[in-house]
Amino acid sequence: MVAVDYDPIALGYIAGLPRPGEQITGLFLQQIEVTGKYLELLKEALPQVTRVAVLWDAVSADQFRAAAGAARVVGVQLQSLELRDPPAYDYGQRLCGRSPGGSGSPHRLTVPADRSRPRPHRRLGGAAPAADDVPARVWVEAGGLMSYGADTADMYRRAATYVAKILKGAMPADLPVEQPTKFTFIINLQTAQALGITIPRPS
């Protein structure tokens, strides 16, 4: 398995990471552990931000709860934007439901990772302003500012080593479930320029 948007322990697929048991093993990304990092990076890039809207659904509900806890530490207020009636989410309607201004209007938008959610390229259709900040790579390609998360391509490459071991006779129950060690941080420089944000280039 390459579990990136579900918890195999909570679902009962494996007993634990060191000894998964049964016949399933592989890699597991604990999304809630990186949720707080989204807000930390956002606050570091834009220290003036005090309100953040979070677009989430049933699959990413645990990430929203983790974000709520991290928000208190980072020092931002969260606005919940729950998506309902999957899978044909109407991003435009949900985003346009935010307050257009005033003290209750969020400064930025963040979107927890969820591979079951439709890709945003066509569905957003321009409803999300360029100022929105989102953590999934596809959202950055659609005009979001920043993306942070595990390198899933690297996870799939590492999963191939499990296949090789099992084909050579290893029992999945005896192979510890690994967690990703390689993460990527992507910034859309065009969006940053449009927002007037200076991103230092690596030396």
A.B. asks: In terms of hydrophobic clustering (I, L, V, M, F, W, Y; side-chain heavy atoms under 4.5 Å; direct or indirect links), are V4 and L17 co-clustered?
C.D. replies: no
A.B. asks: Might you point out which heavy atoms bring G144 and N188 nearest each other, and give the distance in Å?
C.D. replies: O-CB, 3.1 Å
A.B. asks: Identify the heavy atoms of Y162 and P176 that sit nearest to each other, and give their distance.
C.D. replies: OH-O, 2.6 Å
A.B. asks: Show the nearest heavy-atom pair for residues T25 and P172, with the distance to one decimal.
C.D. replies: CB-O, 3.5 Å
A.B. asks: Which heavy atom of F28 sits nearest a heavy atom of P180, and at what distance?
C.D. replies: O-CD, 3.4 Å
A.B. asks: Applying the 4.5 Å side-chain criterion to the ILVMFWY set and letting contacts propagate, would L29 and L175 be lumped into a single cluster?
C.D. replies: yes
A.B. asks: Could you give the distance from NZ (K43) to CD (Q48), rounded to the nearest 0.5 Å?
C.D. replies: 8.0 Å
A.B. asks: Are Y6 and I14 grouped together when hydrophobic residues (ILVMFWY) are joined by side-chain heavy atoms under 4.5 angstrom apart?
C.D. replies: yes
A.B. asks: List the residues meeting salt bridge (Lys or Arg N to Asp or Glu O under 4.0 Å) with D7, not counting sequence neighbours, and say none if there are none.
C.D. replies: none
A.B. asks: Give me the atom names and distance for the closest heavy-atom approach of V177 to P20.
C.D. replies: CG2-CB, 3.9 Å
A.B. asks: One thing to verify: whether D62 and R65 come together as a salt bridge, which I'm taking to mean a side-chain N less than 4.0 angstrom from a carboxylate O.
C.D. replies: no
A.B. asks: Between the main-chain N or O of T50 and the side-chain N or O of Q77, is there a donor-acceptor pair closer than 3.5 Å?
C.D. replies: no
A.B. asks: Any chance you could measure L55, atom CG, to F64, atom CZ, to the nearest 0.5 Å?
C.D. replies: 11.0 Å
A.B. asks: Looking at Q179, I want to see if its CD is surrounded by more than 12 non-hydrogen atoms of other residues, nucleotides or ligands under 6.0 Å.
C.D. replies: yes
A.B. asks: Find the distance between CG (L145) and CD1 (I186) and round it off to the nearest 0.5 Å.
C.D. replies: 12.0 Å
A.B. asks: Quick check for you: to the nearest 0.5 Å, what is the distance between K165 atom NZ and D174 atom CG?
C.D. replies: 11.5 Å
A.B. asks: Starting from V52, can I reach I32 by hopping between I/L/V/M/F/W/Y residues whose side chains sit under 4.5 Å apart?
C.D. replies: no
A.B. asks: Report yes or no: does T35 contribute a side-chain atom to a donor-acceptor pair with the main-chain N or O of A66 at less than 3.5 Å?
C.D. replies: no
A.B. asks: Measure the CD-CG distance between Q193 and L189 for me, rounded to the nearest 0.5 Å.
C.D. replies: 8.5 Å
A.B. asks: With a 4.5 Å cut-off on side-chain heavy-atom distances among I, L, V, M, F, W and Y, is there a chain of contacts connecting L27 to I9?
C.D. replies: no
A.B. asks: Rounded at 0.5 Å granularity, tell me how far OG1 in T152 sits from NZ in K182.
C.D. replies: 11.0 Å
A.B. asks: Work out which heavy atom in M155 is nearest to a heavy atom in A3; give both atom names and the distance.
C.D. replies: CE-O, 4.4 Å
A.B. asks: How are the rings of Y148 and F183 set to each other: parallel, tilted or perpendicular (split at 30° and 60°)?
C.D. replies: parallel
